[in-house]
Amino acid sequence: MPALCRERRIPVPVVTLDITHRVPFLDNKTFGDVGPYQLLEGIAYFAVDPRHVCNSRITDLELAPRNAAGQVCFAAHFAMLQPLQPERGARRLLCDVVNRGRKRALTYFNSASSSNDPTAPLDAGNGFLMRHGYTVLWCGWQADVPPVPGLMGLQAPEALGPDGQPLEGKMLCQFQADEGVSMFYLADRQHIPHPAATLDDPEARLFMRDQPNAPATLVPREAWTFVQLEGESGAHYVSLEAGFEAGKVYQLVYTTRGSRVVGLGFAAVRDLVAFLKYDSAAAGNPCAGTIDHAYAFGISQSGRFLRQFIHLGMNQDEAGRLALDGIMPHVAGGMRGEFNLRFGQPSKDVCYIIPELFPFTDTPQTDPVTGETGALLAHMQAAGSVPKIIFTNTSAEY
């Protein structure tokens, strides 16, 4: 992804859209009365004010480098399906919150085929969203998405300490394999890892459990080691001399160096949606004057992202404009994730650890363990920015 900052041209957080690819969708296939669509792809460049109240809940934003105007710059992949004749559209935008960098809305709304190849062409399926005139938006939000062609990610700056150096601190990784292995990657599902700060970290601890809630056994430090492979920038693996046993749960606590401001993913979704909904063609908005309402859909991990978006109250941009009019988190249960955490791993979905964050409900509840009281909607209600929300879960989530 190119440099984070572009020249600031407009007084909103989105600096510019760099549209690198604009083609007819499916060779100008017609969708009912709406007609053909076009596919736009490129990079969205952002600059946000770390002192603004709407950004105040983004962890470590105040520690990120700033440009000459005092703003924090970042960038994200974006893609969009838009009616070629927007006046025929429904004046509605659906933001499909990508899941580990992958587009999902056409599979779930259009019954389109699903592919594990992120470079595969989009399948319109039965054309439901297009026949109903929706503009469909995808925006990268996840800072640890690996640099694989076709995956949509976020390029976020690192938080820096008072000495201008990357932060160091403790973090946790959990591993489990269905067959014996000698090494584990220090990340979930081959995402960008948090490397060990040193190979011989004497304070690092490796624990083994028979199951998640079983008592932990400390693995002797001399029995395992961090590994830095040739050509890699740091120690990205942990190796156990005797091998990791199939089915066992391993938890590694170690010191890492470097922490991206992962919470900027919320600002990326908020500000890109608000830009497309409100701003002018002169500002570079390809949807200018054609969107009245915007909705977001996320499934599983991206559904948990939307639950945290709600909890953080991130629905108003720096101009006080409401980004999303509706939110639909699907099969996210009562969970959130490491989406706004120092040394955060947004890819992680390990239960019993960070996804199960209090509060769990829209209405106020009290945690019987800590005595803390809270509600998922509290910040949005205080700001008057509550959209319409539909939570959907299956028996698996319950």
Side-chain angles (χ1 to χ4, degrees), residues 1-6 12-20 41-50 54-55 57-61 63-67 71-80 95-104 118 137-160 166 187-194 258-276 296 298 300-306 308-309 312 314 317 323-324 336-349:
M1 202 179 287
L4 292 177
C5 271
R6 291 290 183 91
V12 293
V14 173
V15 176
T16 189
L17 290 184
D18 184 4
I19 299 172
T20 58
E41 296 176 299
I43 306 293
Y45 295 90
F46 304 86
V48 298
D49 183 354
C54 79
N55 302 317
R57 297 187 185 96
I58 299 176
T59 298
D60 287 339
L61 182 59
L63 301 181
R66 305 183 189 188
N67 64 12
Q71 300 157 321
V72 174
C73 297
F74 57 106
H77 295 112
F78 90 95
M80 186 166 65
C95 177
D96 174 25
V97 182
V98 293
N99 186 299
R100 293 180 171 83
R102 289 176 165 83
K103 307 175 183 75
R104 293 296 188 215
L137 172 70
W138 295 275
C139 174
W141 62 267
Q142 190 177 340
D144 63 346
V145 167
V148 173
L151 293 184
M152 304 187 69
L154 177 81
Q155 187 179 8
E158 278 205 3
L160 303 176
D188 183 73
R189 308 188 194 201
Q190 299 301 303
H191 284 63
I192 297 174
H194 285 272
S259 177
R260 294 176 294 274
V261 184
V262 298
L264 283 168
F266 295 107
V269 171
R270 175 197 68 190
D271 292 340
L272 183 55
V273 168
F275 173 76
L276 295 173
S300 190
Q301 181 222 27
S302 45
R304 293 188 289 113
F305 171 90
L306 286 173
Q308 193 147 342
F309 182 95
L312 293 172
M314 291 291 294
D317 71 0
L324 294 169
R336 303 202 301 277
E338 292 194 11
F339 309 136
N340 188 39
L341 186 72
R342 181 176 293 184
F343 309 118
Q345 303 168 91
S347 62
K348 183 188 286 183
D349 63 353

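Hydrogens, waters and symmetry mates are skipped; everything else that's a heavy atom, side chains included, is used.
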[X] versus [Y], closest heavy-atom pair with distance:
{"X": "V97", "Y": "F305", "value": "CG1-CD2, 3.7 Å"}
{"X": "F266", "Y": "N340", "value": "CE1-CB, 4.0 Å"}
{"X": "C73", "Y": "N67", "value": "SG-ND2, 3.6 Å"}
{"X": "F343", "Y": "G258", "value": "CD2-O, 3.7 Å"}
{"X": "G265", "Y": "L154", "value": "N-CD2, 3.6 Å"}
{"X": "V145", "Y": "M152", "value": "CG2-O, 3.8 Å"}

Are the side chains of [X] and [Y] in touch, meaning some heavy atoms are under 4.5 Å apart?
{"X": "F74", "Y": "V261", "answer": "no"}
{"X": "I192", "Y": "R260", "answer": "yes"}
{"X": "R104", "Y": "S300", "answer": "no"}
{"X": "L324", "Y": "F309", "answer": "yes"}
{"X": "L264", "Y": "V72", "answer": "yes"}
{"X": "R100", "Y": "D188", "answer": "yes"}
{"X": "E338", "Y": "V262", "answer": "no"}

Donor-acceptor pair, side chain of [X] and main chain of [Y], under 3.5 angstrom:
{"X": "T59", "Y": "R342", "result": "no"}
{"X": "Q301", "Y": "P346", "result": "yes"}
{"X": "D144", "Y": "S347", "result": "yes"}
{"X": "Q190", "Y": "P146", "result": "no"}
{"X": "H194", "Y": "G344", "result": "yes"}
{"X": "W141", "Y": "V98", "result": "yes"}
{"X": "D18", "Y": "I43", "result": "no"}
{"X": "N55", "Y": "P50", "result": "no"}

As an exercise, state the distance from [atom1] of [X] to [atom2] of [Y], rounded to the nearest 0.5 Å.
{"X": "H191", "Y": "K348", "atom1": "NE2", "atom2": "NZ", "value": "13.0 Å"}
{"X": "Q142", "Y": "R102", "atom1": "CD", "atom2": "CZ", "value": "10.5 Å"}
{"X": "D49", "Y": "R66", "atom1": "CG", "atom2": "CZ", "value": "8.0 Å"}
{"X": "Q155", "Y": "Y45", "atom1": "CD", "atom2": "OH", "value": "8.0 Å"}
{"X": "F275", "Y": "L17", "atom1": "CZ", "atom2": "CG", "value": "4.5 Å"}
{"X": "S259", "Y": "E158", "atom1": "OG", "atom2": "CD", "value": "7.5 Å"}

Full working for side chain to side chain contact (heavy atoms under 4.5 Å, CB included) between I19 and E41: CA-CA 6 Å; I19 299 172; E41 296 176 299; over 6 Å; no

From CA spacing to verdict: side chain to side chain contact (heavy atoms under 4.5 Å, CB included), D271, V48: CA-CA 9 Å; D271 292 340; V48 298; 3.6 Å; yes

